[in-house]
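For ligands, and for the atoms within them, numbers begin at 1 and follow the listed sequence.
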Amino acid sequence: MFKRKFKTKLSNTILALSFLFGALLATSQHAPAQTVPATLEVQVQKPIAKVSPTLYGLMTEEINHSYDGGLYAELIRNRALMDESWNPAYWTLVQNKAIGASLQLEKQVGPSAALTRSLKLVVERASPTDKAGIENEGFWGIPLRARTRYESSFWAKAADASMGPATVSLVNDETGKVLASAVAQPLTTEWKQYKVQLRTGDIAASAKNHFVLSVERPGTVWFSLISLFPPTFKNRANGNRVDIMEMLAAMKPKFLRFPGGNYLEGDHIVERYDWKKTIGALVDRPTHPSPWGYHSSDGMGLLEFLQWCEDLNMEPVVGVYAGYSMKQEHVNPGPDLEPYVQDALDEIEYITGGTDTKWGSLRARDGHPRPFVLTYVEIGNEDVFDESGSYDGRFAQFYDAIKKNHPQLQIIGSMSSKSRTPDVIDDHYYRNQEEFYTDTHHYDQTDRSGPKIFAGEWATIEGTPTPNFGAALSDAAWMTGLERNSDIVVMASYAPLLVNVSPGAMQWRPNLIGYDALSSYGSPSYYAQVMFSNHLGTEVVETKLQGAGPRFFDSVTRDASKGVLYVKLVNASAEAQALELKLAGAAHVRNRAVLVSLRAKTKDATNTIANPKNIVPVTTTIEGMGANLRHTVPPYSIQILEVSLN
Ligand code: AHR
């Protein structure tokens, strides 16, 4: 389901140029190169702009099961029973002939004021060998691995104190074999949380399992907030999936834009990302419907976003709800908007305030006394779609209040504004390949005295569920333009970041990283991001490219402190591109250079969950590097040459 149109600019006419084929040079392979090499002259000693140290980061929101059924490691689906999809969604009764029991969703019996629902299990017949219980299918299965510890918890109350204990089991779907189980403390007649640990033995890794919570005596019991966690990244309680976090870490992201995207706005004002309902104990988080067609557990709450930043050494870029939701609901600027402005100020205090402040002390209560560093706050998301035209007034009210209380903060506008000048403007681009190729000079002429630019969402829209190699090529071409202009483009983030590739999990395509319950993979575009981010440099140097084909792009940066030059080359054509690389002004060039290459035979080639490493970067060395190098850039390739200048 595509919720939104893709925003595009007009594509230019495709340039029709023909080329002569010639002999293959130095490192070229397969396709013939042009006879007359292009020249790329690099003025090594002439930096022309600073590279933004925060250029590459992440944009994230709850879409495509990014958190629930994705990064957030919880394995139980609809753990708090607040999902309205059906009754009771993702939970069923354990049944066999020896068991007599019934199951019902109770909408007014729950463990807290926030969680008002539970599963009522009425047991007439059960025994230690035939336990009555409830089972959960997880997010497209429950992934289990060998010799691994799982943490489970649930809230329960029994009608009678003689009910005995509940047992948690992890069961194979096909064999019915119990792969791990643990018995909790006996149930009582008051709502109480129970915790157990389970350990698997020598099993084969698989997601074809389900979760069972059961009792062995007749009686009535209510269960709610039922949870199961595998080991998490850095062993955080309520933490994130290890494999996806490791993939994100490899991108060396400098910031995290959260919580959206449309997820910030919600379809309706009442369904916005209301951060105050996402902090504290899970039992006090009411959960909420997301605009992407499924219910959010809010396990990924404000503090969890911030800890995610901490774990990957990223700065938070916080989007505050600004009074517009997508079904054309808005809050009028003035007194009506004041509570929302106050929410934003409170949110900033929760993130940055000392423990002597109201909201800073709540952060300490939640386990994080140390304030987080915050530089950027974004007011809303894509307010250009607010047909009432109210953003100007809303933006001014947020801007004034935030600047008054936190003058050091940089304010990002989700669009331009007449009455106040945002420090930064968030530009979004969802385009096809041609549109990116023909616009790689987009920011070359941007007024350097105006607001800085945050390319907060962008992607080449080709490939599903994740981009194909053609998309990676135009992504990389576009990134050369971002990088060359990163004195003004201070941050950029591909979107969407994550997709669960299981049937029915996706709402938007393409997405950078794909996964199912058990494994994950990077798309070719992911690897392009990894390459660019890992070879950023600190200054753009002057270059002149002559004689190259129309689908050839470059960006050259240096890091003087390391004595390194990064030459990024993108050849998006079907022909090899012969190149004379001239490093003017280099006093010394080390003989050996490092070459990182990402390439594919066709633009349709891609990575999938079944073939995750079809296209990955390959690192080689070039011997005989000097101030002049003849090099052939293969067809359909993204290359980074790392040249040592000392
Ligand atoms: O990235 C998907 C959606 O695209 C985002 O939620 C929204 O900001 C944009 O329209």
Side-chain angles (χ1 to χ4, degrees), residues 1-9 57-68 70-71 248 253 255-268 271-273 288-294 296 300 305 317-330 376-387 391 395 412-416 422 424-432 435-436 453-467 471 475 478 491-501 505-514 523 525-526 529:
M1 176 186 65
F2 287 83
K3 296 270 301 187
R4 307 289 287 264
K5 75 220 136 302
F6 298 138
K7 286 138 280 175
T8 59
K9 299 225 167 161
L58 308 178
M59 185 274 166
T60 173
E61 65 176 318
E62 182 60 284
I63 183 174
N64 305 317
H65 287 273
S66 290
Y67 310 144
D68 290 350
L71 181 69
L248 297 177
F255 65 87
L256 178 72
R257 175 178 175 236
F258 68 85
N262 296 153
Y263 184 59
L264 170 70
E265 307 159 85
D267 275 342
H268 304 282
E271 293 176 359
R272 69 193 184 279
Y273 188 84
H288 80 286
S290 88
W292 294 106
Y294 58 93
S296 171
M300 181 67 82
F305 278 116
V317 174
V318 182
V320 296
Y321 179 74
Y324 165 70
S325 295
M326 288 188 296
K327 299 283 185 200
Q328 294 307 322
E329 293 176 13
H330 78 275
Y376 295 102
V377 174
E378 179 159 358
I379 312 301
N381 175 65
E382 293 189 340
D383 288 83
V384 69
F385 292 110
D386 170 11
E387 290 164 13
Y391 189 61
F395 180 79
I412 305 173
S414 82
M415 61 182 282
S416 58
V424 183
I425 293 200
D426 181 1
D427 284 351
H428 295 180
Y429 302 92
Y430 293 106
R431 294 171 156 185
N432 64 35
E435 288 166 329
F436 272 135
I453 304 295
F454 174 24
E457 294 182 29
W458 69 269
T460 306
I461 299 297
E462 290 197 21
T464 186
T466 48
D475 284 353
W478 174 248
M491 295 181 288
S493 41
Y494 185 103
L497 178 66
L498 301 171
V499 63
N500 187 318
V501 300
M506 178 179 77
Q507 292 83 44
W508 184 286
R509 57 91 188 161
N511 308 281
L512 204 62
I513 294 172
S523 63
S525 292
Y526 164 81
Q529 297 269 334

Inset, instruction - Below 4.0 angstrom from a heavy atom of E61, which ligand 1 atoms are there? Numbered from 1 as shown, please. - result: 1 (O), 2 (C), 3 (C), 5 (C), 6 (O)
Inset, instruction - May I ask you to check whether F255 and F454 place their ring centres under 6.0 Å from each other? - result: yes
Inset, instruction - Verify, without hydrogens or angle tests, whether S325 (side chain) and E265 (backbone) share a donor-acceptor contact under 3.5 angstrom. - result: yes
Legend entry - Single hit among Y263, F305, Y273 for ring pair (Phe, Tyr, Trp, His ring centres under 6.0 Å) with F258: F305
Legend entry - Short N or O distance, Y263 and ligand 1, threshold 3.5 Å exclusive: no
Inset, instruction - Could you go through the salt bridge (Lys or Arg N to Asp or Glu O under 4.0 Å) check for R257 and E457 one step at a time? - result: CA-CA 10 Å; R257 175 178 175 236; E457 294 182 29; 2.9 Å; yes
Inset, instruction - Tell me whether the centres of the aromatic rings in Y429 and Y494 are closer together than 6.0 Å. - result: no
Inset, instruction - Just let me know how M59 lines up against ligand 1, side chain, backbone, both or neither, with a heavy-atom cut-off below 4.0 Å. - result: neither
Inset, instruction - Answer with yes or no whether W292 contacts ligand 1, where contact means a heavy atom under 4.0 Å from a ligand atom. - result: yes
Inset, instruction - Look at ligand 1 and say whether G260 reaches it with a heavy atom at a distance under 4.0 Å. - result: no
Legend entry - Ligand-residue contact atoms, ligand 1 with E457, heavy atoms, under 4.0 Å: 1 (O), 3 (C), 4 (O), 5 (C), 7 (C), 8 (O), 9 (C)
Legend entry - Non-neighbouring partners of P465 that pass side-chain contact (heavy atoms from CB on, under 4.5 Å), sequence neighbours left out: V499, V501, M506, Y521
Legend entry - Proximity to ligand 1 by part of Y430, non-hydrogen separation under 4.0 Å: side chain
Inset, instruction - Flag E382 as yes when one of its N or O atoms lies below 3.5 Å from any N or O atom of ligand 1, and as no otherwise. - result: yes
